[in-house]
Amino acid sequence: MFIFLIYTAILINNNEIYKIDMTELSFNTLTLNEEVIDYKINDLLYVLTTRNIYSIDTINLQILDRTLLPQKFNYLNIGKDEIFLIATSEIIILNRANLAFKTGIGIEPKDYEPMTESAHLPKNLLYLVVHDEKKSVIKIIDCLKGRIIRNAPFARIKNFYYIPAEKQFVILTASGLHYLDLNLKIKKSIKFKFPGENFFFDKDGYIITNPQAICLIDFSGGIIDFQPLIFNNGLLHRDFVFWNNDFIVLIDPLTLRIGCLLKNNNNIKDVYPIDYEQSICINKNNELFVIDNRIGAFKNLTKKAYALVKVLENQAISQDSLFYLQFGAFSDKEYARYFCDSLNKRGLPVFIDTGDDHLFRIKLGGFMEKTLAQEIVENSGVAGWIVYHKKIESDVDSIFSFNQNDYYLKQGIITKKE
């Protein structure tokens with residue numbers, strides 16, 4: 001996973017985040033405690049792991065905020081003011097400002113993949129694609145109304161891009177490239193008769209690639225140039241770089257001919273093109289290199305001295321709102337009472353909060369410090385979300401013990417006894 005910024009690049013491998021300075025050929029790292037599942041950059045770097053979601057300052061490579069997740073998610077997507085976490089049967093919406101839970105949307109169980117960031121789209125819509133062996137289905141979800149508003153089936157989609165300026169998707173199927181408007185209607189098709197697995201745009205048309213070849217076609221689908229790449233073990237590829245365990249093949253983007261054929265002596269396992277002149281690569285020992293695509297020379301990246309940073313949780317709250325732990329929401333009042341009593345017996349003074357939707361929510365709080373809410377939910381062993389909303393007034397004052405720590409509950413606010 002890779003994002004290129006001006007003069008710097010962010011690369012994520014397993015649980016390591018690398019910030020690479022392309023001018024100094026140096027890098028520093030931030031190590032997370034869990035493997036990264038997905039990430040996006042908008043105002044900050046948002047990272048989804050198996051256990052948490054983080055917001056990270058890319059300038060200092062420093063964690064700014066974190067929320068523990070009660071389940072595993074497959075993707076994250078960035079909206080204008082929200083973050084969407086996508087699982088196989090639901091979408092969870094978080095407040096982007098503090099990563100607190102807002103609401104959830106149930107969906108039919110499938111392996112959904114977001115097609116572009118919701119921040120690029122009007123009306124807070126989500127475009128998700130799901131695949132089977134022969135076809136793909138795109139679903140449009142209205143996150144404000146919490147429901148699917150359109151389904152559209154296509155031949156299996158192999159790759160896709162969104163063009164914000166034109167408000168169109170471009171999808172690649174076995175029959176060619178197809179332009180879709182935001183209502184998923186095909187506005188234009190470019191057909192070709194050879195297999196394509198990936199594509200990207202070129203000034204003269206489109207570059208179509210598969211593990212055996214790279215091809216340039218014009219805007220009507222006519223072949224301009226073609227370069228076969230036949231190797232015994234097949235090739236992985238990104239843009240103009242192809243590789244396997246034995247070789248690295250660099251294609252000249254101007255001539256579409258092999259510029260360099262290199263022995264993969266460094267055991268490169270992944271390549272991330274920066275531009276036509278250089279690529280970042282990582283080997284099986286997680287060492288970083290830069291390849292000069294013009295001459296095929298490897299340059300070592302030097303690791304900077306880097307001090308471990310302290311997790312700086314986002315503590316920004318308004319005067320009338322607090323953080324709460326929500327351990328469940330139930331339509332059955334009696335079950336909500338039973339669940340509430342079971343947590344009370346474990347030492348947690350939870351209560352039932354009922355909203356206009358007639359759901360009975362089991363909550364603990366409030367907390368002025370999000371870190372304290374995180375600490376309790378992590379030690380409770382009970383799945384729960386951190387939510388953020390207007391303070392719930394309470395006349396109950398008490399001291400309670402949990403996990404060998406004492407806490408004060410006074411005027412609806414929990415603090416920890418030091």
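Note that the structure is predicted; figures quoted are calculated from it, not measured.
When all heavy atoms of Ile20 and Leu11 are compared, the pair lying nearest together is CD1-CB, 4.3 Å. Across all non-hydrogen atoms, the minimal contact from Phe84 to Cys143 is CE2-SG, 3.4 Å. In this structure, Asn210 and Pro195 approach most closely via the heavy-atom pair ND2-O, 2.7 Å. Scanning all heavy atoms of the two residues, the minimum distance from Leu125 to Ser118 falls at O-OG, 2.9 Å. Residue Leu76 comes nearest to Val47 through the heavy atom pair CD2-C, 4.0 Å, listed as atom of the first residue, atom of the second, then distance. Ile280 approaches Ala9 most closely through the heavy-atom pair CD1-CB, 3.8 Å.
In summary, of the residues considered (Asn285, Asn283, Asn286), a side chain to side chain donor-acceptor pair (under 3.5 Å) with Lys269 occurs for Asn286 alone. Among Leu48, Ile78, Leu45, the one residue that satisfies the side chain to side chain contact (heavy atoms under 4.5 Å, CB included) test with Lys40 is Ile78. For the ring pair (Phe, Tyr, Trp, His ring centres under 6.0 Å) criterion with Tyr162, the lone passing option out of Phe169, Tyr179, Tyr127 is Phe169.
A donor-acceptor pair is defined here as one N or O able to donate and one able to accept, closer than 3.5 Å; such a pair exists between the side chain of Asp181 and the backbone of Asn183. Side-chain atoms of Asp81 never come within 3.5 Å of backbone atoms of Asn95 as a donor-acceptor pair (strictly under, hydrogens ignored). The backbone N or O of Asn244 lies less than 3.5 Å from a partner atom in the side chain of Asn264, making a donor-acceptor pair. Between the side chain of Gln374 and the backbone N or O of Leu68 there is at least one donor-acceptor pair closer than 3.5 Å. Looking at Asn405, its side chain does come within 3.5 Å of a backbone N or O of Asn403 through a donor-acceptor pair. Within the 3.5 Å criterion, the main-chain N or O of Ile386 finds no donor-acceptor partner in the side chain of Lys370. Arg238 places a side-chain N or O within donor-acceptor distance of the main-chain N or O of Val271, the cut-off being under 3.5 Å.
Counting only N and O atoms by type, the side chains of Tyr75 and Asn77 include no donor and acceptor under 3.5 Å apart. For the 3.5 Å distance criterion, the side chains of Thr8 and Asp21 fail to qualify, holding no donor opposite an acceptor. Side-chain contact of Asn15 with Thr49: a donor-acceptor pair under 3.5 Å is absent, judged by distance alone. Side-chain polar atoms of Asn33 and Arg51 form no donor-acceptor pair below 3.5 angstrom.
Ile274 is not listed as a side-chain neighbour of Val290, based on a closest heavy-atom distance of 4.5 Å or more. For the pair Glu197 and Thr209, the minimum side-chain heavy-atom distance is 4.5 Å or more. In this structure the side chain of Glu117 never reaches within 4.5 angstrom of the side chain of Asn42, judged on heavy atoms. Side-chain contact check for Arg96 versus Tyr46: some heavy-atom pair is nearer than 4.5 Å. Counting only heavy atoms from C-beta outward, the side chains of Asp38 and Glu113 never approach each other to under 4.5 Å. Using a 4.5 Å heavy-atom cutoff, the side chains of His358 and Ser331 are not in contact. Residues Ile91 and Leu85 have side chains not in contact (no heavy-atom distance under 4.5 Å, counting atoms from C-beta outward). Between Thr67 and Leu94 the shortest side-chain heavy-atom distance does not fall below 4.5 Å.
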Next on the checklist: Run the side-chain contact (heavy atoms from CB on, under 4.5 Å) test on Thr103 and Glu82 for me, step by step, so that the C-alpha distance in whole Å, both residues' side-chain angles and the decisive distance to 0.1 Å come before the verdict.
Outcome noted: CA-CA 11 Å; Thr103 189; Glu82 298 85 12; over 6 Å; no
Item to check | Chi angles and distances behind the side-chain contact (heavy atoms from CB on, under 4.5 Å) call for Glu133, Arg156 | outcome: CA-CA 7 Å; Glu133 291 184 3; Arg156 198 179 198 288; 5.7 Å; no
Next on the checklist: Go through it in stages, so that I can follow the logic: the residues are Phe351 and Tyr324, the test is side-chain contact (heavy atoms from CB on, under 4.5 Å), and I'd like the CA-CA distance, side-chain angles, deciding distance and then a yes or no.
Outcome noted: CA-CA 11 Å; Phe351 60 92; Tyr324 291 83; 4.2 Å; yes
Item to check | Full working for salt bridge (Lys or Arg N to Asp or Glu O under 4.0 Å) between Arg66 and Glu34 | outcome: CA-CA 13 Å; Arg66 173 182 69 97; Glu34 319 94 26; over 6 Å; no
Checklist entry - Does the side-chain contact (heavy atoms from CB on, under 4.5 Å) test come out yes or no for Gln168 and Lys188, once each step is laid out? => result CA-CA 10 Å; Gln168 292 189 101; Lys188 180 175 69 173; over 6 Å; no
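The CD atom of Gln278 lies 7.5 Å from the CG atom of Asn293; values are rounded to the nearest 0.5 Å. We find the CG-CG distance between Leu121 and Leu182 to be 6.5 Å, quoted to the nearest 0.5 Å. Ile291 CD1 to Lys299 NZ: the interatomic distance, rounded to the nearest 0.5 Å, is 11.0 Å. Taken from CD1 in Ile141 to CD1 in Ile148, the straight-line distance is 5.0 Å, to the nearest 0.5 Å. To the nearest 0.5 Å, atoms CG (Leu343) and OG (Ser380) are separated by 8.0 Å. Separating the NZ atom in Lys19 from the CD1 atom in Ile59 is a distance of 6.5 Å, to the nearest 0.5 Å.
Geometric assessment of Arg346 against the ring of Phe402 yields a negative cation-pi assignment under the 6.0 Å and 45° thresholds.
Using a 4.0 Å cut-off between charged nitrogen and carboxylate oxygen, Lys303 and Glu16 do not count as a salt-bridge pair. Between Lys416 and Glu375 there is a salt bridge, since a side-chain N of the basic residue sits under 4.0 Å from a carboxylate O of the acidic one.
The aromatic ring centres of Tyr206 and Phe219 sit less than 6.0 Å apart. For an aromatic pair to be called close, the ring centres must be under 6.0 Å apart, and Tyr276 with Phe240 satisfies this. Two rings, from Phe367 and Tyr407, have their centers 6.0 Å or more apart. Less than 6.0 angstrom separates the ring centroid of Phe201 from the ring centroid of Tyr161.
Under a cut-off of 6.0 angstrom, the local environment of OH in Tyr408 is sparse, with at most 12 non-hydrogen atoms contributed by other residues, nucleotides or ligands. Other residues, nucleotides and ligands contribute over 12 non-hydrogen atoms within 6.0 Å of the NZ atom of Lys102. Remark: Lys410 NZ is loosely packed, at most 12 non-hydrogen atoms of other residues, nucleotides or ligands lying under 6.0 Å away.
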